[in-house]
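I have placed the structure first, in the form of structure tokens, so that the comments after it can refer back to it.
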Amino acid sequence: QKEVEQNSGPLSVPEGAIASLNCTYSDRGSQSFFWYRQYSGKSPELIMFIYSNGDKEDGRFTAQLNKASQYVSLLIRDSQPSDSATYLCAVNRAGTASKLTFGTGTRLQVTL
Amino acid sequence: DAGVIQSPRHEVTEMGQEVTLRCKPISGHNSLFWYRQTMMRGLELLIYFNNNVPIDDSGMPEDRFSAKMPNASFSTLKIQPSEPRDSAVYFCASSAPRGLNTEAFFGQGTRLTVV
């Protein structure tokens, strides 16, 4: 079992719709959870992180965490063509100076 | 700050040659990570340093790979000898953990092609 699992996609949504990206993790000791966006040929960049159960909202983005189910999701409201990218989920076991473990990413395509 | 700086951006080399990738982390960041990204395996952590000390090198694929961090502002990843299966994008990232926020900032990557 992979430590962090994501559906590779592509996930195709029409412009203006809600995109829902999902991630599961195997280590119950994981404490911090991150969503990165990576455009083709570019480096990953952080969208948001979450460490408490529930929802965290930042603009059009909402991260959801359910530690009991070991599940993290990212919702993108009012999807735009510029949101088309690969979204990487990452988890961190401890809060200090420890490694981020990444999923393989979900490719999102927002269609006109 | 200019962010994490990697060089070279692109490297094409022949099988058997030595390759050295370089990284300058963000000033003040005390953790540095080397990742490798391929289509098949995604983003894999090779090694990470904390305060210039290697903490976990379990991701280093084999003895052909080595990494050093002689000071807080410089790190290298060396492959000797290189093989075609080493072709990938290599990212360096740095972070300054604050509580549960351990966001890593990535460099632009080095695209390595071994022919």
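First the proteins, then the strands, lettered A, B, ... as listed; each starts at 1.
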Per-pair distances, 0.1 Å, donor-acceptor, side chain in residues 81-89 of chain A, under 3.5 Å, sequence neighbours excluded:
{"from": "A:Asp83", "atom 1": "OD1", "to": "A:Arg60", "atom 2": "NH2", "distance (Å)": "3.0"}
{"from": "A:Asp83", "atom 1": "OD2", "to": "A:Arg60", "atom 2": "NH1", "distance (Å)": "2.9"}
{"from": "A:Asp83", "atom 1": "OD2", "to": "A:Arg60", "atom 2": "NH2", "distance (Å)": "3.3"}
{"from": "A:Asp83", "atom 1": "OD2", "to": "A:Gln80", "atom 2": "N", "distance (Å)": "2.8"}
{"from": "A:Ser84", "atom 1": "OG", "to": "A:Pro81", "atom 2": "O", "distance (Å)": "3.0"}
{"from": "A:Ser84", "atom 1": "OG", "to": "A:Val110", "atom 2": "N", "distance (Å)": "2.9"}
{"from": "A:Tyr87", "atom 1": "OH", "to": "A:Asp83", "atom 2": "O", "distance (Å)": "2.6"}

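There is no side-chain donor-acceptor pair under 3.5 Å between A:Asn22 and A:Ser73.
With respect to A:Glu57 and A:Arg77, a salt bridge is recorded, a charged nitrogen being found less than 4.0 Å from a carboxylate O. We find that B:Arg111 and B:Glu11 are not joined by a salt bridge, their nearest charged nitrogen and carboxylate oxygen being 4.0 Å or further apart.
Inspection of non-hydrogen atoms places A:Lys42, A:Ser43, A:Pro44, A:Leu46, A:Phe49, A:Tyr51 of residues 39-54 of chain A under 4.5 Å from chain B.
Contacts of B:Glu44 with chain A are absent, with no heavy-atom separation under 4.5 Å from either backbone or side chain. The contact between B:Leu45 and chain A is made entirely by side chain atoms (from C-beta outward), counting heavy-atom distances below 4.5 Å. For B:Phe49, no part sits under 4.5 Å from any heavy atom of chain A, backbone or side chain. Both the backbone and the side chain of B:Phe106 come within less than 4.5 Å of a heavy atom in chain A.
Residues forming a side chain to side chain contact (heavy atoms under 4.5 Å, CB included) with B:Asn51 (at least two apart in sequence, or on another chain): B:Asn30. Applying the side chain to side chain contact (heavy atoms under 4.5 Å, CB included) criterion to A:Asp55, with sequence neighbours excluded, gives A:Thr62, A:Gln64.
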- Check the pair B:Leu112, B:Tyr90 against side chain to side chain contact (heavy atoms under 4.5 Å, CB included), reporting the backbone distance first and the verdict last. CA-CA 7 Å; B:Leu112 173 65; B:Tyr90 291 80; 3.8 Å; yes

Kindly determine whether B:Leu46 and B:Tyr48 satisfy side chain to side chain contact (heavy atoms under 4.5 Å, CB included), including the steps that lead there. CA-CA 7 Å; B:Leu46 301 177; B:Tyr48 81 96; over 6 Å; no

